[in-house]
2 protein chains.
Amino acid sequence: MARTQGSRADVTGPLIRDQARRLFARQGYAAVSMRQIASAVGVQAGALYAYTPDKQALLLDLLESHMRNLLAAWTDIPGDPLARLEHFVRFHIDTSLDHPDAVFLSYMELRNLTPQNFARIADLRSRYEAALETILRDGMAAGVMRIDDPRLATMALIAMLTGVTNWYREGGRLDRRRIGDIYWGLVRGAVGAD
Amino acid sequence: MARTQGSRADVTGPLIRDQARRLFARQGYAAVSMRQIASAVGVQAGALYAYTPDKQALLLDLLESHMRNLLAAWTDIPGDPLARLEHFVRFHIDTSLDHPDAVFLSYMELRNLTPQNFARIADLRSRYEAALETILRDGMAAGVMRIDDPRLATMALIAMLTGVTNWYREGGRLDRRRIGDIYWGLVRGAVGAD
DNA sequence: GTCTATAATCGGATAGAC
DNA sequence: GTCTATCCGATTATAGAC
């Protein structure tokens, strides 16, 4: 991948983020060196510092932009809490399968953030969790869901749905639509909506 | 923690494993140095190599012994598949809360194993997953569970149950018995047993 | 914006004394 | 079994040329 000299600011910036995301997800933040990222991009290590002040800022940028994209992409729908829950389940699975590396990073590399940066990401994540918890509480109030503890159910369901990234492989036995169907069946039962 | 000279082989060995497990779980394998582990134990870095040939072997030992303990501790019970499933749910949650660091490591640090070592752990894990899948299939055959895809349900349920380590804090709002009750309610619904 | 070169530190692992 | 000392390669980040 080594390149000779030349400026390509428009492509290098996104490429650094893409390769860093991919490598961090596969090997872990601490195990990836700036040289490795630079090599994957096709530049020398020193060039990375024209785009990020340091490695930590690069990780924070990846996590924060993912969480902001997630929150921006999510839109609740009006009406039946069960339909809203199905919408959330399919949204979460589709997002997780579209951006498996970003999703994986966002709950695996929190421990490598500084305390301040951790607080920023934890805040964004709690907003996303609140979206699901609201649906569950509305479903209980409407009498269409039976849930012992909506806070715990929120954590449990998100863990279950996010887990799809642990085993899903492109071109595997099940396509996305089918996976969404199966998970929705599990979730619908879990909230007592059968 | 620094100590003066002296041999304490009986305590140092277990202590190295305890501290390595704790540090690996909190910061990640790659982010923890042998010097850090030694410092937490109260010995110099060189002394660690009397107990492990290298850092990788230390990680493998932690993961493998955890998986073997898990498999040794698990015993299915005869009878009703629903009772067996409840037994599995409570076993898995209790184990996860008793050994949160080991559980976390066992599904977070697989990527830092060499391919050979990875295969060893993956084999042990698949045996554990098979225990749950068998119960689900028996429940379907007996007509007491409704499950679209038992293989996928196995992965989904284990992800959900293991997720308890992400939020549980000792002395928190809910005690273990109550957490087991709540998760069992979610699982029972998810497998269509209500 | 990118390169080359380098500073300063830290990493895993080993040797030999006690 | 543990310590001290050390080898040697890798790491993050910076400086200055182009």
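In what follows, chains are A, B, ... by sequence order, proteins preceding strands, each numbered from 1.
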Residues forming a side-chain hydrogen bond (donor to acceptor under 3.5 Å, both in side chains) with B:R177, sequence neighbours excluded: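 Here no residue qualifies.
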Give me the bend of the helix from C:dG1-D:dC18 to C:dC18-D:dG1, using the axes of the five pairs at each end, rounded to 10°. 0°
Pairing residues for A:Y128 by the ring pair (Phe, Tyr, Trp, His ring centres under 6.0 Å) criterion, not counting sequence neighbours: A:F88, A:H92
Ignoring backbone atoms, test whether B:T12 places a side-chain nitrogen or oxygen under 4.0 Å from the OP1 or OP2 oxygen of D:dG1. no
Does a side-chain N or O of B:Q44 approach OP1 or OP2 of D:dT4 to a distance below 4.0 Å, or not? yes
Distance-only, no hydrogens or angles: does the B:E64 side chain make a donor-acceptor pair with backbone N or O of B:R120 under 3.5 Å?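 The answer is no, because no donor-acceptor pair under 3.5 Å joins these two groups.
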Would you give the length of the straight line joining atom CZ of A:R188 to atom CD of A:E86, rounded to the nearest 0.5 angstrom? 7.5 Å
Pairs under 3.5 angstrom only: tabulate donor-acceptor contacts from the side chains of residues 45-53 of chain A to other protein residues two or more places apart or in another chain.
| from | atom 1 | to | atom 2 | distance (Å) |
| --- | --- | --- | --- | --- |
| A:T52 | OG1 | A:D54 | O | 2.9 |
| A:T52 | OG1 | A:L58 | N | 3.4 |

State which of C:dG1, C:dC3, D:dC3 makes the closest approach to the side chain of B:V43. D:dC3
A:L15 CG to C:dT2 P: how many Å, rounded? 10 Å
For B:D76, enumerate each residue passing the side chain to side chain contact (heavy atoms under 4.5 Å, CB included) test, keeping only those at least two apart in sequence or located in another chain. B:W74, B:R84, B:I135
Tell me, for nucleotides 9-15 of chain C in 5' to 3' order, what letter each nucleotide earns: B for a base near a protein heavy atom under 4.0 Å, S for only sugar-phosphate near one, - for neither? --BBBB-
Heavy atoms of B:A156 and A:Y183 approach each other most closely as CB-CE2, 3.6 Å
Are A:L157 and A:V103 linked, directly or through other ILVMFWY residues, by side chains that come within less than 4.5 angstrom of each other?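 As far as the 4.5 Å side-chain criterion goes, A:V103 and A:L157 are not connected within one cluster.
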